[in-house]
Amino acid sequence: MADQNQAGTKSPSGPVRLGRLKVWVDRNLCIGAATCVAVAPKTFVLDSEAKAIFLDTANQEAEEAIIDAAKACPVAAIIIEDEQGKRVFPQ
Ligand code: SF4
């Protein structure tokens, strides 16, 4: 699992560009509830600090699943914008 994620990169919690979406995790908000991992398992994994980070397979995830994961996060730590910089979630 460890070599599958982007924990070694500078900003493992994003922002990342996934299709038409720009997605990132606010690490100060994230409480490691892992709901996002359950909803979008190709996109999110928890790092050693129990903060959500992006997997290399995130671009294989359906856009809907990523948006659903953001909506399911109990503290709204997953932030999504569209290509125009318009907030998709949270609104
Ligand atoms: S669901 Fe939210 S709080 Fe839980 S790990 Fe994901 S981003 Fe963090």
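These figures come from a predicted structure and were not determined experimentally. For ligands, and for the atoms within them, numbers begin at 1 and follow the listed sequence. Keep in mind that the numbers below use all heavy atoms, side chains included, and drop hydrogens, waters and symmetry copies.
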Run the salt bridge (Lys or Arg N to Asp or Glu O under 4.0 Å) test against Arg27 and tell me which residues pass, sequence neighbours left out.
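Asp47, Glu49.
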Do NZ/NE/NH1/NH2 and the carboxylate oxygens of Glu83 and Lys22 come within less than 4.0 Å?
no
What residue pairs, at least two apart or across chains, pass ring pair (Phe, Tyr, Trp, His ring centres under 6.0 Å) with a residue in residues 18-48?
Phe44-Phe54
May I ask whether Ile79 and Ile66 are part of the same hydrophobic cluster, defined by side-chain heavy atoms of I, L, V, M, F, W, Y residues being less than 4.5 angstrom apart, directly or through others?
no
Between Val88 and Val16, is there a shared hydrophobic cluster once you connect ILVMFWY residues whose side-chain heavy atoms come closer than 4.5 Å?
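Per the 4.5 Å side-chain linkage, Val88 and Val16 are co-clustered.
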For Ala34, check side chain to side chain contact (heavy atoms under 4.5 Å, CB included) against everything at least two apart and list the hits.
Val37, Leu46
Among all protein heavy atoms, pick out the one at the shortest distance from atom 3 (S) of ligand 1; state its residue, atom name and that distance to 0.1 Å.
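Answer, as residue, atom name and distance: Ile31 N, 3.3 Å.
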Give the intermediate values and the outcome of side chain to side chain contact (heavy atoms under 4.5 Å, CB included) for residues Leu21 and Ile67.
CA-CA 9 Å; Leu21 303 178; Ile67 294 170; 4.2 Å; yes
Residue and atom names of protein N/O/S atoms that fall under 2.8 Å from atom 6 (Fe) of ligand 1
Cys36 SG
If you count the atoms of ligand 1 from 1 in the order shown, which ones are under 4.0 Å from a heavy atom of Val75?
3 (S)
